[in-house]
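What you see is a predicted model, and the numbers here were worked out from it, not measured in a lab. Just follow the structure's listing: the first ligand is 1, and inside any ligand the first atom is 1.
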Amino acid sequence: MDLTDLTIHAMQQQLADGRLTSVDLTKAFLARIHATDDQLNAFITVCDEEALVAARQADEQRATGNVQPLTGIPVALKDIFVTRGVRTTCASKILGDFMSPYDGTAVRKLKEQGAVILGKLNMDEFAMGSSNENSAFGPVRNPWNTGCVPGGSSGGSAASVAARQTAASLGTDTGGSIRQPASHCGVVGLKPTYGRVSRYGVIAYASSLDQVGPLTRDVRDCAILLGAIAGYDPADSTSVDTPVPDYLATLEGGVAGKKIGLPKEYFIDGVDADVKRAVQAVVEKYRELGAEIVEVSLPHTRYAVACYYLVATAEASSNLARYDGVRYGQRVDKGQGLIDMYSQTRAAGFGPEVKRRIMLGTYALSSGYYDAYYLKAQKVRALIRQDFLDAFEQVDCILTPVAPSAAFGLGDKTSDPLQMYLSDIFTLSANLAGICGLSLPCGLSGQGEAGGGLPIGVQLLGKPFGEAELLQIAYAYEQVSGWQGKTPKL
Ligand code: GLN
């Protein structure tokens, strides 16, 4: 078996037994990145030297008996996490080669626990997109079929884990950006509850929706990484001071007697037959495992896309006002005064989708339209959250597709933003409601337009701060899914 095929928990064991060193592992992953990234474009920055230095330090620490859960484990970061000493681009030209003076909290926690950072991953510019085609560094390709998109916006985070360029990665999810690419690339992706993981040092897109989470090979690795990054942080006023449970302790508890809800509004026309079949098969497995399947209703689902694209763009227009050529990154100044400098910098620095979102959001917030759009969207958002809280009175988790189809072809949706926005129809409600959600591989597509053989994911949505139960339910299915070990032939 190749070293790059190992899960984090397998690495932990082999490192502890002395059968493996972090330097061996890190070299194997770096070699894999260099052998495959011409095809995938998953990395914006590869940290060859820094990673090997960290790996050597991890091995030395282990020799002295100072072992942390992630000592020597190689991981990679979406390029939205600021990192001291390594550039952060957010896949935008406007940041240039921006160097942060500090590490964000999630990154600091990973480093403190001994993780080795392999590099920074490609993404949609400022995390706006569902296909990773909105990157100033070019699109990422799906390792299962390089003619297809990996999903977005954490496309590099998903593709790199699937292609065994890294053991695991961190992404961010504002409306589906961890779960949808995880589904398209056949890996596990978790969006924790709003407030569970600190966003300090994560470049803001839509602050009331953004959340940090792991993308991993399996559910156990997901539990390990979540445990490593979760927790209250005084530097992020939206992080919640509630204890972090031991996610591994309850993982194997099974699903006997658990109630799983199927929202009737989610099993609709427009979902591919392959996806329907795969998700239905998961439901049957859960039944066999002793779970009770219950129909639930989330009646405001049909307003979710409209509501999300108002809230997200409004917050984006406000967050992105800081890129003015004065404080960060690039400046374009033809010497015609301050206002011209702002507009020249922003015209040259932002890509077309980011500009579209800033304009939509600015419009929705403008006086005269604020009540009709932004305020109305906030009210609808409260109803969507209440739908979920009501449903969770009846069930322990909710099961849905992640996306209406498997990965689509590169370029298929770039000319139609609305079609692209509809890719998130099943994921973005969880962000509006602030609950947790996980994407789990459950099958491969048949011979569709893209040629078939592409991963399909199932989504499990859980109660606020119910990650432990969500992981437990996911783990039970994973054991009987027949998926384990499936990797693209890249
Ligand atoms: N595709 C959605 C958007 O473009 C979600 C993005 C995300 O979760 N960052 O807004």
Side-chain angles (χ1 to χ4, degrees), residues 77-81 90-92 121-135 139-140 149-158 169-184 189-194 197 199 202-215 304-320 350-361 364 377 381 402-405 407-408 413-414 416-439 457 459 461:
L77 307 168
K78 185 176 184 178
D79 206 12
I80 197 167
F81 292 89
C90 224
S92 182
L121 296 159
N122 204 345
M123 54 184 280
D124 282 301
E125 182 177 6
F126 285 105
M128 296 174 190
S130 309
S131 67
N132 218 125
E133 292 166 295
N134 300 333
S135 166
V140 177
V149 304
S153 68
S154 310
S157 300
S169 66
L170 290 190
T172 59
D173 190 313
T174 303
S177 279
I178 290 175
R179 291 160 287 156
Q180 186 255 20
S183 171
H184 286 346
L190 172 69
K191 183 203 94 70
T193 307
Y194 188 73
V197 180
R199 289 106 38 93
V202 180
I203 294 176
Y205 161 15
S207 305
S208 74
L209 302 162
D210 298 340
Q211 183 56 202
V212 172
L215 294 98
V305 175
C307 175
Y308 171 85
Y309 276 97
L310 279 166
V311 174
T313 55
E315 294 182 10
S317 83
S318 155
N319 272 326
L320 271 59
F350 289 134
E353 183 61 27
V354 174
K355 286 180 185 156
R356 179 173 11 248
R357 306 258 179 135
I358 293 173
M359 286 189 278
L360 284 169
R381 179 179 188 173
V402 179
S405 69
F408 43 90
K413 299 195 183 181
T414 38
D416 187 348
L418 202 55
Q419 271 308 312
M420 192 71 93
Y421 296 174
L422 288 172
S423 321
D424 314 314
I425 189 158
F426 300 130
T427 48
L428 39 80
S429 293
N431 302 73
L432 290 167
I435 60 174
C436 55
L438 181 145
S439 168
Q459 176 172 240
L461 299 172

Undergrad: Would the distance check show the side chain of Ser157 and the main-chain N or O of Leu170 forming a donor-acceptor pair, the cut-off being under 3.5 Å?
TA: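 Yes; judged by distance alone, with no hydrogens or angles, the pair exists.
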Undergrad: Tell me, do Arg357 and Phe126 make a side-chain contact under 4.5 Å, heavy atoms counted?
TA: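 No - every pair of side-chain heavy atoms lies 4.5 Å or more apart.
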Undergrad: Would you check if Leu461 and Arg179 make a side-chain contact, meaning some heavy-atom pair closer than 4.5 Å?
TA: yes
Undergrad: Within a distance under 4.0 Å of any heavy atom of Met128, pick out the atoms of ligand 1 and give their elements.
TA: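 Atoms satisfying the 4.0 Å criterion: 4 (O).
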Undergrad: Going by heavy atoms in the side chains, are Met420 and Glu133 under 4.5 Å from each other?
TA: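 Sidechains of Glu133 and Met420: in contact.
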Undergrad: Considering only heavy atoms, does Asp424 approach ligand 1 within less than 4.0 Å through its side chain, its backbone, both, or neither?
TA: side chain
Undergrad: Quick check: does Gly176 get an N/O under 3.5 Å from an N/O on ligand 1?
TA: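 By distance alone, the answer is yes.
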Undergrad: Please check if the side chain of Glu125 supplies one atom and the backbone of Gly351 the other of a donor-acceptor pair under 3.5 Å.
TA: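 Side chain of Glu125 to backbone of Gly351: a pair is present.
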Undergrad: Hey, is Tyr309 touching ligand 1 through its side chain, its backbone, both or neither, going by heavy atoms under 4.0 Å?
TA: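 Under 4.0 Å from ligand 1, Tyr309 contributes side-chain atoms alone.
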Undergrad: Run the numbers for me: atoms of ligand 1, each under 4.0 Å from some heavy atom of Gly175, listed by number.
TA: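 Here the atoms of ligand 1 in question are 5 (C), 7 (C), 8 (O).
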Undergrad: So is Asp173 polar-close to ligand 1, meaning N/O to N/O under 3.5 Å?
TA: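 For ligand 1, there is no N or O atom that lies under 3.5 Å from one belonging to Asp173.
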Undergrad: In ligand 1, which numbered atoms sit nearer than 4.0 Å to a non-hydrogen atom of Ala127?
TA: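 Atoms satisfying the 4.0 Å criterion: 6 (C), 7 (C), 9 (N).
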Undergrad: With atoms numbered from 1 as shown, which atoms in ligand 1 lie under 4.0 angstrom from a non-hydrogen atom of Ser153?
TA: 9 (N)
Undergrad: Side-chain contact test, heavy atoms from C-beta onward, threshold under 4.5 Å: evaluate it for Asp424 versus Val305 and give yes or no.
TA: no
Undergrad: Indicate, as side chain, backbone, both or neither, the part of Gln211 found under 4.0 angstrom from ligand 1 when only non-hydrogen atoms are considered.
TA: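 Near ligand 1, Gln211 shows nothing, with every heavy atom at 4.0 Å or more.
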Undergrad: Which residue and non-hydrogen atom of the protein lie closest to atom 6 (C) of ligand 1, and at what distance in Å?
TA: Ser177 OG, 2.8 Å
Undergrad: What do you reckon, does Glu353 put a non-hydrogen atom under 4.0 Å from ligand 1?
TA: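 Distance cut 4.0 Å: Glu353 fails for ligand 1.
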Undergrad: For the backbone of Ser207 and the side chain of Arg199, can you confirm whether one donor and one acceptor N or O come within less than 3.5 Å of each other?
TA: yes
Undergrad: With heavy-atom distances below 4.5 Å as the criterion, would you say the side chains of Ser154 and Ser177 are in contact?
TA: yes
Undergrad: Could a heavy atom of Gly129 be found less than 4.0 Å from some atom of ligand 1?
TA: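 Heavy atoms of Gly129 do come under 4.0 Å of ligand 1.
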Undergrad: Is there a side-chain contact between Thr172 and Val212 in this structure, where contact means two heavy atoms from C-beta onward sitting under 4.5 Å apart?
TA: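 SC-SC contact between Thr172 and Val212 confirmed.
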Undergrad: To the nearest 0.1 Å, how far is atom 5 (C) of ligand 1 from its closest protein heavy atom, and which atom is that?
TA: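 Of every protein heavy atom, Tyr308 OH, 3.3 Å lies nearest to atom 5 (C) of ligand 1.
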